[in-house]
> 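I'd like to ask you about the structure that follows.
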Amino acid sequence: MEQTEQSMMIPKHIAIIMDGNGRWAKAHGVPRLEGHRQGVKAVRNTVRRCVELEVETLTLFAFSTENNKRTEEEIGWLFKLFLATLKLEINKLNKANIRLEVIGDLSVFDDRLQKAIADGVSLLASNTGMKLVIAANYGGHWDITQAVKQIAHSHAKGGVGLDEINEQFFAKHLSLGSDSVDLLIRSSGEQRISNFMLWQLAYSELYFTDTLWPDFDASGLDRAIDSYQKRDRRFGSR
Ligand code: IPE
Ligand code: IPE
Ligand code: MG
């Protein structure tokens, strides 16, 4: 009984690996940048649908630490697109009562982008609706490493004893704390995590779709949630 009620629920935290912009561009005979631009449309549709469904947290993987291996040109485009999108959308996000969090090593971004992120986050800080998390220059390994550094620093100064370091304590030092992911969606047919939120994905339901990210829309999200609702989440119990 309890399980049925739970399985009908909308996932509280959805995370998405938005993949396939490049292949979409290739299939349409347009430059990769155009694929990324079309990807922003899919972001808009997905955010809107998640707000309608009263999802509590939506985390979007926008740029991984490994994406720094791409050409300078593509990285430059992506950062420019991020800045332009942030500026264009921030007031709409505010009207939708959305809170914003940006996780990742933001130190690589230029001052303008860092300022736009900080301004956007603070503008939306008192909103009470859905939390939108953008993972930018983010990596699961980076996240765990920065948490270890914080704790080691605190331990060295006598701030925390070894016996106080347990899973809950550790998770508090991760970018999103212990905000575990209920449903992970990856577009474009790839079936891997690509160094996304390793800790928070420990017990997530995984959903892979062949749809390329720019073609992903509200009905694609609904299909993923349908699949989620049919899962039996046991968390190791019987
Ligand atoms: C996802 O699309 C966007 C980012 C990783 C920034 P890709 O650019 O990875 O597209 P494919 O995988 O080459 O199709
Ligand atoms: C993962 O996609 C990162 C983002 C979607 C931001 P990639 O396209 O970079 O991952 P791989 O190379 O297929 O693992
Ligand atoms: Mg890709």
Side-chain angles (χ1 to χ4, degrees), residues 11-18 55-69 75 78-79 82-83 86 90 93-94 97-184 186 192-206 233 235-237:
K12 284 190 168 65
H13 185 176
I14 299 179
I16 308 183
I17 302 177
M18 311 183 289
V55 168
E56 288 178 16
T57 306
L58 172 65
T59 300
L60 300 175
F61 203 7
F63 191 87
S64 74
T65 45
E66 288 69 31
N67 289 149
N68 286 299
K69 294 176 194 160
I75 295 170
L78 285 166
F79 291 1
F82 186 21
L83 179 63
L86 204 56
I90 200 75
L93 294 177
N94 198 17
N97 195 24
I98 290 172
R99 281 173 297 150
L100 178 67
E101 205 169 314
V102 182
I103 58 171
D105 178 4
L106 309 184
S107 66
V108 299
F109 297 144
D110 67 23
D111 292 348
R112 273 203 317 162
L113 183 48
Q114 286 196 39
K115 186 172 182 315
I117 291 170
D119 290 350
V121 168
S122 84
L123 180 72
L124 274 49
S126 58
N127 286 344
T128 55
M130 186 177 82
K131 179 159 91 173
L132 174 64
V133 182
I134 307 292
N137 198 32
Y138 176 88
H141 288 172
W142 168 84
D143 201 359
I144 291 170
T145 306
Q146 67 79 28
V148 168
K149 276 188 187 163
Q150 284 184 53
I151 295 168
H153 184 69
S154 171
H155 178 65
K157 288 197 314 182
V160 61
L162 285 185
D163 48 353
E164 290 171 72
I165 303 174
N166 56 25
E167 291 181 15
Q168 282 78 10
F169 180 88
F170 182 80
K172 277 189 203 142
H173 296 79
L174 292 165
S175 298
L176 276 189
S178 50
D179 198 352
S180 60
V181 172
D182 296 303
L183 171 62
L184 173 79
R186 183 171 186 149
R192 55 177 168 264
I193 302 297
S194 297
N195 193 20
F196 197 23
M197 309 168 76
L198 300 176
W199 181 282
Q200 296 89 343
L201 290 173
Y203 247 113
S204 310
E205 296 300 324
L206 309 180
R233 302 191 79 192
F235 298 98
S237 69

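The figures that follow rest on heavy atoms only: side chains count, while hydrogens, waters and symmetry mates do not. Being a predicted model, the structure only gives us computed values, none of them experimental.
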> Quick check against the 3.5 Å criterion: does Glu101 have a side-chain atom that pairs as donor or acceptor with the backbone of Val133?
no

> For Phe196 and Val181, what are the C-alpha separation, side-chain angles and deciding distance, and is it a side chain to side chain contact (heavy atoms under 4.5 Å, CB included)?
CA-CA 11 Å; Phe196 197 23; Val181 172; over 6 Å; no

> Show me the pairs that pass salt bridge (charged side-chain N to carboxylate O under 4.0 Å, His left out) and involve residues 138-161, at least two apart or across chains.
none

> If I compare all heavy atoms of Ser194 with all of Phe61, which pair ends up nearest, and what's the gap?
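The pair with the smallest heavy-atom distance is O-CE2, 3.7 Å.
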
> In Å, rounded to the nearest 0.5 Å, how long is the span from CG of Leu83 to CG of Leu78?
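CG of Leu78 is found 12.5 Å from CG of Leu83.
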
> Taking the side chain as everything from C-beta on, heavy atoms only, tell me whether Phe82 gets closer than 4.5 Å to Ile117.
yes

> Which pair of heavy atoms, one from Met130 and one from Val55, lies closest together, and at what distance?
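Nearest heavy atoms, Met130 then Val55: CG-O, 3.3 Å.
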
> Look only at the side chain of Asn127 and the backbone of Gly129, and say whether a donor-acceptor pair between them is shorter than 3.5 Å.
no

> Treating Ser178 as the side-chain partner and Ala171 as the backbone partner, does any N or O pair qualify as donor plus acceptor under 3.5 Å?
no

> To check you understand the geometry: which heavy-atom pair defines the closest contact between Gly120 and Ile90, and what is its length?
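For Gly120 versus Ile90, the nearest heavy atoms are CA-CD1, 3.5 Å.
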
> How about Leu93 and Leu132: do any of their side-chain heavy atoms sit closer than 4.5 Å?
yes

> Could you state the interatomic distance from NE2 (His141) to OG (Ser64), rounded to the nearest 0.5 Å?
11.5 Å

> Please round to the nearest 0.5 Å and tell me the distance separating atom CG of Asn137 and atom CG of Asn68.
5.0 Å

> Hey, are the side chains of Ile144 and Leu174 touching, using non-hydrogen atoms and a 4.5 Å cut-off?
yes

> Donor-acceptor pair, Asp182 side chain versus His13 backbone, under 3.5 Å?
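Between the backbone of His13 and the side chain of Asp182 there is a qualifying donor-acceptor contact (under 3.5 Å).
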
> Working to the nearest 0.5 angstrom, can you tell me the gap between Leu60 CG and Tyr138 OH?
13.5 Å

> Can you tell if the side chain of Leu100 reaches within under 4.5 Å of the side chain of Leu86, non-hydrogen atoms only?
yes

> Would you say the side chain of Ser204 lies within less than 4.5 Å of the side chain of Met197, judging by non-hydrogen atoms?
no

> Does the side chain of Ile17 come within less than 4.5 Å of Leu184's, by heavy atoms?
yes

> Check whether any side-chain heavy atom of Val148 sits under 4.5 Å from a side-chain heavy atom of Phe170, and report yes or no.
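Yes, close enough: below the 4.5 Å cut-off.
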
> Tell me the closest heavy-atom pair linking Val102 and Ala136, and the distance in Å.
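Scanning both residues completely, I find the closest heavy atoms to be CG1-CB, 4.3 Å.
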
> Any side-chain to backbone donor/acceptor pair from Asp119 onto Ala116? Under 3.5 Å, distance only.
no

> How far does CD1 of Ile151 sit from CD of Gln146, to the nearest 0.5 angstrom?
9.0 Å

> Determine whether Phe79 and Arg112 make a side-chain contact, defined as any pair of heavy atoms from C-beta on separated by less than 4.5 Å.
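They are not in side-chain contact.
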
> Any ion pair linking Lys115 and Asp111 (charged N to carboxylate O, less than 4.0 Å)?
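Looking at Lys115 together with Asp111, the answer is no, because their closest N to O distance does not fall below 4.0 Å.
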
> Which value, rounded to the nearest 0.5 Å, describes the distance between Thr57 atom OG1 and Lys131 atom NZ?
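Separation between the atoms: 5.0 Å.
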
> For Gly140, does its backbone N or O pair with a side-chain atom of Asn195 as donor and acceptor, under 3.5 Å?
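Confirmed, Asn195 side chain pairs with Gly140 backbone.
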
> Distance-only criterion, 3.5 Å: show the donor-acceptor pairs between side-chain atoms of residues 159-166 and protein atoms not counting sequence neighbours.
from	atom 1	to	atom 2	distance (Å)
Glu164	OE2	Gly161	N	2.9
Asn166	OD1	Gln168	N	3.3
Asn166	OD1	Phe169	N	2.9

> Return the minimal non-hydrogen interatomic distance between Ile193 and Leu198, and the atom names on each side.
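Smallest interatomic distance, heavy atoms only, reads CG2-CD2, 4.0 Å.
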
> What closest approach, in Å, do Glu167 and Trp199 show between heavy atoms, and which atom pair accounts for it?
O-CZ2, 3.7 Å

> Please enumerate all residues that pass side-chain hydrogen bond (donor to acceptor under 3.5 Å, both in side chains) together with Ser107, with sequence neighbours excluded.
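Once residues adjacent in sequence are excluded, the partners of Ser107 under the side-chain hydrogen bond (donor to acceptor under 3.5 Å, both in side chains) criterion are Asp105.
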
> Using only atom types and a distance under 3.5 Å, with no angle test, would you say the side chain of Tyr203 pairs donor to acceptor with the backbone of Ser180?
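Checking the backbone N and O of Ser180 against the side chain of Tyr203, no donor-acceptor pair under 3.5 Å is found.
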
